[in-house]
Amino acid sequence: MRATVDVLALTATPIPRTLHLSMMGIRDISVIATPPEQRRAIITYVCEFDETVVSEAIRSELYRGGQIFFVHNNVNSIERMAARLKQLVPEVRLAVAHGQMGENDLEKVMMQFMAREVDMLVCTTIIESGIDVATANTILVNRADRFGLAQIYQLRGRVGRSDEQAYAYLFIPEESQLGTDAQKRLKVLMEHSDLGSGFQIAMNDLKIRGGGAILGASQSGHIAAVGYDMFLKLMEEAVAQLKGEPITDGLEPEINLSMSAYMAEDYVADIDQRLSLYRRLAKVTDLKEIAAMKAELTDRFGPLPEETENLLLKIMLRVLAVRAGVKRLDLFGQQLVLAFSEIHQQRPLGIIEMVTGGKGLYQFTPDHLFKAGLTKAPPEACWPR
């Protein structure tokens, strides 16, 4: 049947394996990034569990006539947590819901919550999907560090389903106790709280957890050892080899300059931001992108130090080297030396034409090196406009 049926799958946050298949081109993907009219982004707070914060969040929602979800994903202690919350806010009407309750009892509690006979639902992740309560616009998640990225995103999506401003409180232990992946997940949630950010969150989830097995049951893993970009490259090469298509490695030119070129720590203090900027620069393929990056850096961090100027210059030379089919570029003083890649040359004879028409300005050595003497020019003349 599958061969003759068109299948459309819809999801708020694709799991890593599904997204990975789409990024490889095995499955087509379309993104709906436009939110419903009047919908507002959910304001998200990440903090340690604090009784004052909890009580104020609950009372603020009660004051405006709304309802609250409190997610405590431990059936053994959920009743104790409900009693503690009742002690903090005696006026709140609360009920407990979890998957180990009897079917009739669970249905009764959910119907009471839907009918607004209950103000706050203390529950497990049983509410993760399929719950649409327009009047519930505050959610508190205890021990958010124990949840997966897509799972927290789904839980946060239980509120803010009308035109009311919604709030999500993610409670965590001390930051020093958090694992590396937990810190990454929470940072992604804080950075992507805008409407329609599910795709970006899924992309980060893919990078954190891995893409899983295409033909197996595993929904995550395999990527951490080599990084997503390298994994994707290896997979594309394997697919091309199976198809019998010729594989031409992309040109990665070696650029050698007698100058310091890096993103200084005192210019961009946060290490994650520096790594993100390095990754963006590594993917630059157009000179206009470098000019835009320079303007962005100046706007965010101030005037560029010399080392960062040199880094952008090095990236610019790399872009030009790829265009020209140059596999190595050496620039020392006024001497420029280029080594060309034969398989990446579109017009091999163009080099000879340039040398013969250069009136002695250029040389082409027997070991296939192009040499040129440069004249001095102001540094600004190098930047793309």
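We count residues from 1, following the sequence as given.
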*Could you tell me which non-hydrogen atom of Leu369 sits nearest to which non-hydrogen atom of Arg328, and how far apart they are?*
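Smallest interatomic distance, heavy atoms only, reads CD2-NH2, 4.0 Å.
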Approximate separation, where rounding is to 0.5 Å, of [X] [atom1] and [Y] [atom2]:
| X | Y | atom1 | atom2 | result |
| --- | --- | --- | --- | --- |
| Met114 | Ile131 | CE | CD1 | 7.0 Å |
| Lys108 | Asn104 | NZ | CG | 10.0 Å |
| Ile42 | Arg158 | CD1 | CZ | 9.0 Å |
| Leu317 | Leu257 | CG | CG | 6.0 Å |
| Glu252 | Ser341 | CD | OG | 11.5 Å |

Pairwise side-chain contact, [X] with [Y], heavy-atom cut-off 4.5 Å (strictly under):
| X | Y | value |
| --- | --- | --- |
| Pro253 | Val322 | yes |
| Val326 | Phe370 | no |
| Arg318 | Ile315 | yes |

_ring pair (Phe, Tyr, Trp, His ring centres under 6.0 Å) assessment of Phe113 paired with Phe69_ = CA-CA 10 Å; Phe113 189 70; Phe69 290 112; 5.1 Å; yes
Is it the case that more than 12 heavy atoms not belonging to [X] sit under 6.0 Å from its [atom1] atom?
| X | atom1 | result |
| --- | --- | --- |
| Met259 | CE | yes |
| Glu107 | CD | no |
| Arg146 | CZ | no |

*Can Phe171 be reached from Tyr45 by stepping across I, L, V, M, F, W or Y side chains whose heavy atoms are under 4.5 Å apart?*
yes
*Say whether Leu281 and Leu287 are linked into one hydrophobic cluster, either directly or through other cluster members, by side-chain heavy-atom distances under 4.5 angstrom.*
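Yes.
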_Distance alone, cut at 3.5 Å: any donor-acceptor contact between the side chains of Ser260 and Glu307?_
no
_With no hydrogens and no angle check, just 3.5 Å: does a side-chain donor-acceptor pair link His72 and Ser77?_
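The criterion, which ignores hydrogens and geometry beyond distance, is satisfied for Ser77 and His72.
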Closer than 3.5 angstrom, by distance alone: can the side chain of [X] be matched with the main-chain N or O of [Y] as a donor-acceptor pair?
| X | Y | answer |
| --- | --- | --- |
| Tyr262 | Asn310 | no |
| Thr308 | Leu304 | no |
| Tyr167 | Val159 | no |
| Asn137 | Ala134 | yes |
| Asp330 | Val337 | no |

Regarding [X] and [Y], does a basic nitrogen lie under 4.0 Å from an acidic carboxylate oxygen?
| X | Y | value |
| --- | --- | --- |
| Glu296 | Arg280 | yes |
| Arg59 | Glu91 | yes |
| Glu164 | Arg40 | no |

*Can you say whether the rings of Phe49 and Phe70 are parallel (under 30°), tilted (30 to 60°) or perpendicular (over 60°)?*
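Phe49 and Phe70: perpendicular rings.
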